[in-house]
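The structure appears right after this line, and notes come after that.
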Amino acid sequence: MNKNSPIGIFDSGVGGLTVVKEILQELPHESLIYLGDTARVPYGTRGKEVITKFALEMANYLLKHNVKILVVACNTISATCLNEIQTLSSVPVLGVIDSAVDEALKATKIKHIGVIGTRATISSGVYEDKIKKIDSQIKVSSASCPLLVPLVEEGFTSCLATKLIVQDYLNKLPLKDIDPDSIGIDTLILGCTHYPLLQDIIQDVAGQKITLIDSAKPLAKNLRKILEEKNLLRENKKPNYEFYITDAPERAKEIAENFFGKKLPGEFKKIDLEC
Ligand code: DGL
């Protein structure tokens, strides 16, 4: 492990790029390797065994590229098998969930937090457990939204069909704007790294009074802290960016560039994790 080695970041698809965006802001001198398993996305509808197998394959791939730290930019993987990745890894591993929990606890004024995520993340109960461990008085209302990841992967980030589906899912949560008699949540965790790509639609449907929590910003700050503590901040050299995708790299690049609003530095290359 060397301070000039890259940071490895991985997700089941393009969602982890929302985390890359914040890391590029927070740590502009760092080199990054991104891996998105677009051939096998979504993970969130699968069982623990399969998610763990896929996640360990990705972690191994990045470790072979000599990364100095692994960022699991996926709630589903973080909720399902962070321990298994930590056991396998020779370098520190950072998941997304703790950063989102800390941020939500700071944001809620009425102690009622909503969480949306994939089926695997919501059924793991990880958000509720972590929140209640810190403050047992906080109420947590959750809803799984399994169609949102495929919509984002298809680039359906601003269309009417997506808005209607978001409406359907958020109707399962006690939102004040939808049910004026309910006490309602005041804070909503986007418990999937794909969801910031739908942030405008989600905010519109949830109502402007709800604070949306995206783990990417606090995660990037935590990442800086860990690199500083471990004396692993890169020395000031020109950074290098690599993006590996297991299927249709051109489409991933297009979605990424729409999201970033500019051309991304570095190539998107297709790789095969199974060989
Ligand atoms: N970005 C992943 C997450 O944060 C999506 C998981 C999936 O592939 O379903 O959960």
Side-chain angles (χ1 to χ4, degrees), residues 8-23 34-59 62 70-82 84-85 93-101 103-104 114-128 130 142-157 162 165-166 169 188-199 202 212-220 223 243-248 251-252 255-256 259 273:
I9 306 168
F10 66 105
D11 178 43
S12 57
V14 296
L17 291 167
T18 61
V19 176
V20 169
K21 191 175 184 182
E22 296 303 332
I23 294 177
Y34 182 79
L35 174 56
D37 194 6
T38 47
R40 303 187 292 197
V41 69
Y43 282 16
T45 48
R46 301 174 190 269
K48 178 174 168 74
E49 212 176 299
V50 172
I51 296 171
T52 306
K53 175 182 178 290
F54 291 173
L56 293 180
E57 282 172 5
M58 283 203 281
L62 291 172
L70 278 175
V71 176
V72 184
C74 175
N75 288 259
T76 303
I77 298 174
S78 302
T80 308
C81 54
L82 195 66
E84 285 84 344
I85 299 168
V93 180
L94 182 61
V96 270
I97 291 171
D98 290 331
S99 303
V101 165
E103 204 68 3
V115 186
I116 52 174
T118 66
R119 203 174 277 141
T121 299
I122 298 303
S123 67
S124 76
V126 65
Y127 273 104
E128 183 151 6
K130 283 187 185 269
S142 310
S144 62
C145 309
L147 289 176
L148 299 189
V149 169
L151 285 167
V152 170
E153 291 285 328
E154 279 303 317
F156 273 43
T157 49
T162 305
I165 292 169
V166 169
Y169 284 140
L188 178 60
I189 297 178
L190 304 180
C192 172
T193 54
H194 282 70
Y195 298 173
L197 285 146
L198 303 173
Q199 175 137 357
I202 295 172
L212 298 188
I213 304 293
D214 168 7
S215 57
K217 240 190 205 104
L219 178 134
L223 176 60
F243 297 90
Y244 295 107
I245 295 289
T246 54
D247 197 15
R251 217 191 26 240
I255 295 172
F259 174 63
L273 281 175

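When a ligand or atom number is given, it counts from 1 through the structure's own listing order.
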Discussion item. Could you check, using the six-membered ring where one of them is a Trp, whether Y34 and F10 have ring centers closer than 6.0 angstrom?
Written reply: no
Answer yes or no: is there a side-chain heavy-atom contact under 4.5 Å between [X] and [Y]?
X: T162; Y: T157; result: no
X: Y169; Y: L148; result: yes
X: V149; Y: E153; result: yes

Fill in: From the candidates L190, N75, I51, T45, the one that places a heavy atom nearest atom 3 (C) of ligand 1
N75
Taking heavy atoms and a distance under 4.0 Å, where does [X] meet ligand 1: side chain, backbone, both or neither?
X: S12; result: side chain
X: T76; result: both
X: T193; result: both

Element-labelled atoms of ligand 1 that are located less than 4.0 Å from some non-hydrogen atom of [X]:
X: G44; answer: 7 (C), 8 (O), 9 (O)
X: T118; answer: 6 (C), 9 (O), 10 (O)
X: V41; answer: 8 (O)
X: D11; answer: 1 (N), 2 (C)

Practice prompt. Determine whether more than 12 heavy atoms belonging to other residues, nucleotides or ligands lie under 6.0 Å from atom CZ of F156.
Written response: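 No, not enclosed.
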Discussion item. Given T38, which partner from the list I255, D11, I245 fulfils the side-chain contact (heavy atoms from CB on, under 4.5 Å) test?
Written reply: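 That would be I245.
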Worksheet, complete the sentence: re atom 7 (C) of ligand 1, the protein heavy-atom contact at minimum distance is Y43 N, 3.2 Å
Worksheet item: Under 3.5 Å, is there a donor-acceptor pair between the Y127 and N75 side chains?
Response: yes
Worksheet item: With distance as the sole criterion, is a donor-acceptor pair present between the side chains of T121 and T118 under 3.5 Å?
Response: yes
Practice prompt. Report yes or no: does G13 have a heavy atom closer than 4.0 Å to ligand 1?
Written response: no
Discussion item. Below 3.5 Å, N or O to N or O, backbone or side chain included: is there any such pair between T121 and ligand 1?
Written reply: no
